[in-house]
Amino acid sequence: MAAASIPITSLPWHHSVSLPSPTTSITVNNDRYFSNHPTILLIKQCSNSKQLKQIHAQMLRNGLFSDPFSASTLVSAFSMSSFQGVDYAHKLFDQIPKPNIYTWNVLIRAYSSSQVPVQSLLIFTRMLYRCDQVLPNKFTYPFVIKAAAELLDMRVGEVLHGMAVKMSLGSDVFILNSLIHFYASCGCLDSAYRVFLNIPVRDVVSWNTIITGFAQGDRPDEAIELFREMQTSLKPDKVTMMSVLTACTKKLDLEIGRWVSNEPKPDAVTFVSTLSACAQVGAIYMGGWIHGYIKKHGVKLSCHLITSLIDMYSKCGDLNKALEVFYSVDDKDVFIWSAMVAGLAMHGHGRDAIDLFKKMQEVNVKPNAVTFTNLLCACSHTGLVEEGRDFFKKMQPVYGVVPGVKHYACMVDMLGRAGHLDEAIELIKAMPMPPLASVWGALLGACKLHGNVEVAEQASSHLLELEPWNHGAYVLMSNIYAKSGKWDKVAMLRKRMKYIGLKKEPGCSSIEVDASFHEFVVGDNTHPQSKRIYAKLNEISEKLKSMGYEPNRSQVLQCVEEEDMQEQALHLHSEKLAIAFGLISLKQAQPIRIMKNLRVCGDCHNVAKLISKLYNKEIFLRDRYRFHHFKAGDCSCKDYWPGSYRKACRKLTSEPLP
DNA sequence: GTAGGGTTAG
């Protein structure tokens with residue numbers, strides 16, 4: 001068969017595209033397969049249905065449509081786009097003589113989240129009655145159960161539940177999670193909870209689903225209780241926090257409702273738990289609203305509540321508000337002082353944190369272990385090594401606080417970051433307790449900063465021994481290898497990660513605009529305002545170039561070879577998208593507040609500094625470890641955090657010792 | 001060699 005060359009002018013990436021023709025074919029189980037990967041790649045690159053339709057026409061002409069794999073890929077591609085796309089996918093599906101289970105599932109999935117979820121169920125029954133040896137599998141059930149949940153059809157859901165069990169799929173966690181969602185949607189929280197309890201190994205989604213169920217079903221106390229229980233075995237994620245936030249809001253609503261009907265007012269405990277959820281997700285609007293409510297209704301400000309407020313404002317990026325609350329109280333206990341030290345620390349005001357610590361002693365409040373963790377953290381984040389060493393040394397003899405693992409981790413972090421790797425290692429060796437993962441993690445982080453491969457290898461092997469599932473360790477290690485050009489080792493690590501099923505946590509940034517959250521991942525184009533965002537990014541990029549800015553390529557630590565590809569990867573980091581969105585959607589006087597789940601990369605850090613100057617805009621960026629406050633071209637971290645440790649070290653050594 | 005894929009919130 002000769003290659004057919006057809007111009008598809010509307011495809012953006014080429015002026016003309018040749019569809020590959022099948023060059024080889026083999027027969028397996030009476031089915032003929034063609035080797036045609038390029039077609040599939042082509043389909044996967046399509047961004048709209050017009051392009052897909054053109055490819056479909058071509059496939060029909062050169063016989064590729066009779067290849068089940070190509071055809072099902074096409075159906076899948078159509079079903080991904082809008083509702084019209086699903087409709088078209090359905091028509092296409094009907095033209096396939098013997099669809100395989102994957103193709104069935106594709107269509108069922110597409111309908112399950114469409115405007116007509118009932119179609120999912122209809123196609124499912126069609127599949128059952130066709131009797132051509134295609135049976136539903138573990139991928140089918142989550143979709144049909146989802147459709148039943150959408151339709152709130154109790155009977156259908158129960159039947160599906162029974163079928164899945166009969167097919168020995170009764171312990172598949174995906175199916176069971178879907179069932180929890182189904183029963184909860186139908187208002188049968190007890191059935192949902194029973195399913196939840198029967199899951200052999202519960203994952204984050206299981207917990208999230210049941211927590212959400214209770215939160216939305218007006219049983220917020222149970223939701224919050226489950227959230228507490230969850231934390232003993234699993235790390236909550238973004239979805240968990242949103243669900244907990246819902247639960248807290250509900251609780252507050254219920255409390256207010258009860259208060260209106262002359263029952264006891266919402267108490268401080270309610271506010272403490274709600275504020276803590278706000279702090280964790282960075283919901284400053286909601287947090288501020290609660291603070292307003294507290295003031296308006298004269299809720300008694302206990303030390304606990306004050307601590308929560310300070311913590312919330314600090315973690316949401318409003319240090320001034322946190323300080324305002326702090327100074328408005330006369331009688332402060334050790335928790336309030338410690339929270340304020342932590343707030344100053346995470347915003348990079350190490351000196352102020354130390355001053356506060358001194359003031360605390362002047363008024364005779366005795367520091368505890370938490371105070372010292374925060375204090376050492378402050379020293380570490382600002383590079384105050386001498387001070388940190390001194391406090392650590394005095395902890396036990398002067399203040400009577402025995403250093404714990406956390407304090408050692410802080411010290412290792414501080415020393416390592418400042419370049420004293422040997423001293424950090426000596427400290428680990430001298431630890432009276434076994435070093436936990438946090439200690440090795442700190443050492444590994446320092447190795448990344450200083451490009452020390454040998455120590456990094458040791459640290460990561462200790463870390464992975466303790467936490468084999470820690471993908472952060474793999475990513476750090478592979479970045480260290482990449483930085484020193486050891487691409488073979490990078491490849492080996494990626495292979496191993498894949499082998500044990502670990503995935504890199506995708507970078508994700510969120511921004512709160514008028515009380516609603518907007519999230520971005522790398523290269524995200526799913527936001528409704530996506531076009532405007534990218535236009536803004538281009539504008540920024542032009543302006544920065546004219547200022548003489550060059551992207552910092554060492555930040556792209558994947559094996560990307562082409563130069564402009566690298567620039568693109570940098571260009572599309574989630575924090576940049578969020579900043580661009582902030583620029584177009586906030587008023588001039590409003591600062592941009594962004595939260596990132598990972599650490600900010602050096603290039604984004606530079607760009608943020610430049611943008612703060614260029615657009616005269618304050619930017620608060622909370623990353624995994626701390627805050628960066630960008631203003632007039634500078635950052636509150638004084639560049640000590642991401643990459644420029646040398647500068648900070650030089651600054652340190654030139655300063656007189658205390 | 002003949003593959004691929006799922007659940008939770010707003």
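Reminder, nothing fancy here: chain letters follow the sequence lines and each chain counts from 1.
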Contacts of A/A184 meeting side chain to side chain contact (heavy atoms under 4.5 Å, CB included) (sequence neighbours excluded), chain-then-number -> A/L189, A/A192
Can you name the residues that form a side chain to side chain contact (heavy atoms under 4.5 Å, CB included) with A/A148, not counting sequence neighbours? A/V156, A/L160, A/F182
Would you please classify the geometry between the A/Y111 ring and the A/H90 ring as parallel, tilted or perpendicular, with 30° and 60° separating the classes? perpendicular
Could you check whether the rings of A/Y141 and A/F124 sit parallel, tilted or perpendicular, using 30° and 60° as the cut-offs? perpendicular
Output all residues satisfying ring-ring contact (aromatic ring centres under 6.0 Å, His included) with A/F620, sequence neighbours left out; order by chain, then residue number. A/H629
For the pair made of [atom1] in [X] and [atom2] in [N], what is the distance, rounded to whole Å?
X: A/L234; N: B/dT8; atom1: CG; atom2: P; result: 18 Å
X: A/I211; N: B/dT7; atom1: CD1; atom2: P; result: 19 Å
X: A/I199; N: B/dT8; atom1: CD1; atom2: C1'; result: 11 Å
X: A/K235; N: B/dT8; atom1: NZ; atom2: P; result: 22 Å
X: A/L74; N: B/dG4; atom1: CG; atom2: P; result: 19 Å
X: A/E519; N: B/dT8; atom1: CD; atom2: P; result: 16 Å
X: A/N208; N: B/dT8; atom1: CG; atom2: P; result: 11 Å
X: A/F227; N: B/dT8; atom1: CZ; atom2: C1'; result: 15 Å

Residue pairs fulfilling ring pair (Phe, Tyr, Trp, His ring centres under 6.0 Å) with at least one residue in residues 219-252 of chain A, sequence neighbours excluded: none
Base B/dG4 paired with A/T73 side chain (donor-acceptor, <3.5 Å): yes
Record whether the side chain of A/N137 comes under 3.5 Å of the base of B/dG6 through a donor-acceptor pair of N or O atoms. no
Which of these nucleotides, B/dG10, B/dT7, B/dT8, is closest to any side-chain atom of A/T246? B/dG10
So which nucleotide from B/dA9, B/dG6, B/dT7 ends up closest to the side chain of A/D203? B/dT7
With a 4.5 Å cut-off on side-chain heavy atoms, are A/F196 and A/L226 touching? yes
Which donor-acceptor pairs under 3.5 Å do side chains of residues 161-173 of chain A form with protein atoms, sequence neighbours excluded?
unit_1: A/H161; atom_1: ND1; unit_2: A/Y183; atom_2: OH; d: 2.9
unit_1: A/D172; atom_1: OD1; unit_2: A/F174; atom_2: N; d: 2.9
unit_1: A/D172; atom_1: OD1; unit_2: A/I175; atom_2: N; d: 3.1

Using a heavy-atom cut-off of 4.0 Å across all strands, would you classify [X] as base, sugar-phosphate, or nothing?
X: A/S72; value: base
X: A/N100; value: base
X: A/K138; value: base
X: A/Y141; value: nothing

Of residues 167-190 of chain A, the positions that come close to DNA chain B - non-hydrogen atoms, cut-off under 4.0 Å: A/D172, A/F174, A/I175, A/N177, A/S178, A/H181
Look at A/Q216 and B/dG10 and indicate whether a side-chain polar atom (N or O) is within less than 4.0 Å of OP1 or OP2. yes
Does the ring of A/Y102 lie flat against the base of B/dG4, closer than 5.5 Å centre to centre with planes under 30°? yes
